[in-house]
Asker: 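Okay, here's the structure, questions in a sec.
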Amino acid sequence: MSVIDVLRERGFIQQTTHQEPLYELLEREKVTFYVGFDPTADSLHIGHMLPIMAMHHMQEAGHRPIAILGGGTAMIGDPSGRTDMRKMLTEEQIDHNASCFKEQLSRFIDFSDGKALMINNAEWLRDLNYIAFLREVGSQFSVNRMLTAECYKSRMERGLTFIEFNYMLLQSYDFLMLYRKYGCKLQMGGDDQWSNILSGADLIRRLERGEAYGITFPLLTTSSGKKMGKTEAGAVWLDAQKTSPYDFYQYWRNTDDRDVERFLALYTFLPMDEVRRLGSLKDREINEAKKVLAYEVTRLTHGEEAAKEAQKAAEALFGNAGDESAVPAIPLDRNAVVSGLPIADLLVVAKLAPSKSEARRLIAQGGITLNDQKVTDTNQTVTMDDFPGDEALIKKGKKQFQRIILQ
RNA sequence: GGAGGGGUUCCCGAGUGGCCAAAGGGGGCAGACUGUAAAUCUGUUGGCAUUGCCUUCGAAGGUUCAAAUCCUUCCCCCUCCA
């Protein structure tokens, strides 16, 4: 079975250029391909997982992935799909973020022996000569045609700076440089990158009369319309320091019924027969599928051990069978409690409420439970008695838990 | 550069001297119902304090007993013209 078929069956492919020749190319030879990542934060998040999984599938099929870090382009900001101009980063920030990415990517992609590459496009962009660039690349682009691209059209309403307008040329130039230096013939990216990918492939065909192709991934939203990986608390990160494995697990555990099968196909390596079986479960049964999904994705991202712990913690909190010590905890100085601590303050310390007013509101609405006891008095103070074994468990709403350990 | 319009709380959007912490909607949070799902209904949604106080309506000044609302300067955005 061809990788393309695998990717297609699992739901990775939104559009491709030159279907037939691309299909043949991937059958015929080991292809070097690339995916771009913008190093705008110091960790990847769930939104990046789709391309990462796709890269893994491709590598498994014998192709060579290149992860391009947009060190140069991040200094400009891509207008695609954005309503505002993106903030520009300093070189130091970008370099730091890039090194964080590599570590995370290594969990999914084998970088040993040149089986995959990671390249910063600053390598060729930072010292680019403007005149030379205009002559070689700029001459190949028609402004008229660029303006018809959806990503620019929508920005025409709100305003578009010249620097952003150049983004398409720079990304095309990346593709060109990778083609020349590494024989890279394929670019993959989100569907919002379609026009940038197309123009890159065109540029290679025009200047080098070479073969170049593109594949885009669907832009995922959950069935309830949210962007993938975004919660009210912010992005769900792959860095365990920024999003604990437990929270990561919970994100997947709470997947909408309608998304379970799609996500199992995209974010796990389970055989499709199994994916379809799990996805067809109905009603309460589908919770089994969600557990598998949560466990598998957590295992891939944080390792077997962390996944098991997260699962145990979830079982302890939701099924009262399991090991509560696996629940993430935060420390609290026991001196703060000895003389009695207002419950509202405790909630703030536990990060379950952003302010004491909010904490009081939560209590008044019956949303707080302390050690299985619903808190009813806004003015209650907690004392050492509330910390049997030096710890307490606070629950906010139905499924947010925080363990507090005295130190 | 010229003319006009505008910047309000998480977002959209009312509000043109006191009744404004600021209508309404969206989103969020909580409660009920449930399957750690969805949908629905209810409550709530600046901060601190048990009456009350403090901070907020692009920024800084000013007028006034009193300003989101009036005046001055500045910054930013949009439309038309160059």
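Order of the sequence lines fixes the chain letters, A, B, ..., with proteins taken first and strands second; residue numbering starts at 1 for each chain. Small disclaimer: the values here were computed from a predicted structure and weren't measured.
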Asker: Which nucleotide in the list B:rU36, B:rG31, B:rG35 gets nearest to the side chain of A:D283?
Answerer: B:rG35
Asker: In the strands shown, is B:rA37 matched to any nucleotide by a Watson-Crick or G-U wobble pair with both distances under 3.5 Å, and which?
Answerer: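 Partner of B:rA37: none found under 3.5 Å.
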Asker: In this structure, how many angstroms lie between the C1' atom of B:rA37 and the CZ atom of A:R253, rounded?
Answerer: 9 Å
Asker: What pairs of donor and acceptor atoms, side-chain ones from residues 363-371 of chain A against any protein atom, are under 3.5 angstrom apart with sequence neighbours left out?
Answerer:
{"residue": "A:N371", "atom": "OD1", "partner": "A:L393", "partner atom": "N", "Å": "2.8"}
{"residue": "A:N371", "atom": "ND2", "partner": "A:D386", "partner atom": "O", "Å": "2.8"}

Asker: Assign A:I286 to base, sugar-phosphate, or nothing according to its heavy-atom contacts below 4.0 angstrom with the strands shown.
Answerer: base
Asker: Give, ordered by number, those residues of residues 370-379 of chain A having at least one heavy-atom distance below 4.0 Å to an atom of RNA chain B; if nothing qualifies, reply none.
Answerer: none
Asker: With a 4.0 Å cut-off on N to O distance, would you call A:R299 and A:E296 a salt bridge?
Answerer: yes
Asker: Any chance the side chains of A:Q193 and A:N196 put a donor and an acceptor closer than 3.5 Å?
Answerer: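 Result is yes, a qualifying pair exists.
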Asker: Among residues 352-365 of chain A, which contact RNA chain B at a heavy-atom distance under 4.0 Å?
Answerer: A:S355, A:K356, A:S357, A:R360, A:R361, A:L362, A:Q365
Asker: Looking at A:K282, does any N or O in its side chain come under 4.0 Å of the phosphate oxygens OP1/OP2 on B:rA37?
Answerer: no
Asker: Which ring-ring contact (aromatic ring centres under 6.0 Å, His included) pairs, counting each pair once, include a residue from residues 44-68 of chain A, with sequence neighbours left out?
Answerer: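 Qualifying pairs: A:F12-A:H57, A:F37-A:H48, A:H45-A:H48, A:H45-A:W237, A:H56-A:F269, A:H57-A:F269.
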Asker: Atom CG of A:N254 and atom P of B:rA38: how far apart are they, to the nearest Å?
Answerer: 8 Å
Asker: Measure CD/A:Q400 against C1'/B:rC29 and give the value in whole Å, please.
Answerer: 9 Å
Asker: Does the structure show a Watson-Crick or G-U wobble partner for B:rU50, both distances under 3.5 Å? Name it, or say none.
Answerer: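 Per the H-bond distance test, none.
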Asker: Nearest to the side chain of A:N287, which nucleotide is it out of B:rG35, B:rC29, B:rA38?
Answerer: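 Given the options B:rG35, B:rC29, B:rA38, the side chain of A:N287 is closest to B:rG35.
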Asker: Of the nucleotides B:rU36, B:rC29, B:rA38, which has the atom closest to the A:D256 side chain?
Answerer: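 Output: B:rA38.
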Asker: Does A:D345 or A:K399 map to a spot on RNA chain B nearer the 5' end, using the closest nucleotide for each?
Answerer: A:K399
Asker: For A:I368 and B:rG31, give me the distance from atom CD1 to atom C1', rounded to whole Å.
Answerer: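 Taking atom C1' of B:rG31 as the reference, CD1 of A:I368 is at 13 Å.
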Asker: Quick test of your reading of the model: are A:K308 and A:E305 salt-bridged, counting only N-O distances below 4.0 Å?
Answerer: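 Answer for the salt bridge query: no.
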Asker: Calculate the interatomic distance between A:E285 atom CD and B:rU36 atom C1'; express it in whole Å.
Answerer: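 Computing the A:E285:CD to B:rU36:C1' distance gives 16 Å.
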Asker: Of the non-hydrogen atoms in A:I404 and A:L332, which two are nearest, and what is the gap between them?
Answerer: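 Distance-wise, the nearest heavy atoms are CG2-CB, 3.7 Å.
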Asker: Please report, rounded to the nearest Å, how far the C1' atom of B:rA37 is from the CZ atom of A:R284.
Answerer: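 Atom CZ in A:R284 sits about 12 Å away from atom C1' in B:rA37.
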Asker: Select one nucleotide: of B:rC29, B:rA37, B:rC33, the one nearest the side-chain heavy atoms of A:K396.
Answerer: B:rC29
Asker: Look through every strand shown and name the nucleotide pairing with B:rG27 as Watson-Crick or G-U wobble, where both distances are under 3.5 Å.
Answerer: B:rU45
Asker: In whole angstrom, what separates A:W252's CH2 from B:rA37's P?
Answerer: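 So the two atoms are 17 Å apart, to the nearest Å.
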Asker: Looking at B:rG17, which nucleotide sits across from it as a Watson-Crick or G-U wobble partner, both distances under 3.5 angstrom, or is there none?
Answerer: none
Asker: Does the side-chain contact (heavy atoms from CB on, under 4.5 Å) test come out yes or no for A:I66 and A:F33, once each step is laid out?
Answerer: CA-CA 6 Å; A:I66 298 180; A:F33 67 99; over 6 Å; no
Asker: According to ring-ring contact (aromatic ring centres under 6.0 Å, His included), does anything in residues 271-312 of chain A pair up with another residue at least two apart or in another chain? List the pairs.
Answerer: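 Listed by first then second residue: A:F248-A:H302.
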Asker: Roughly how many Å is it from CD in A:Q250 to C1' in B:rG35, rounded to a whole number?
Answerer: 14 Å
Asker: Tell me which residues in residues 298-305 of chain A lie within less than 4.0 Å of RNA chain B, going by non-hydrogen atoms.
Answerer: none
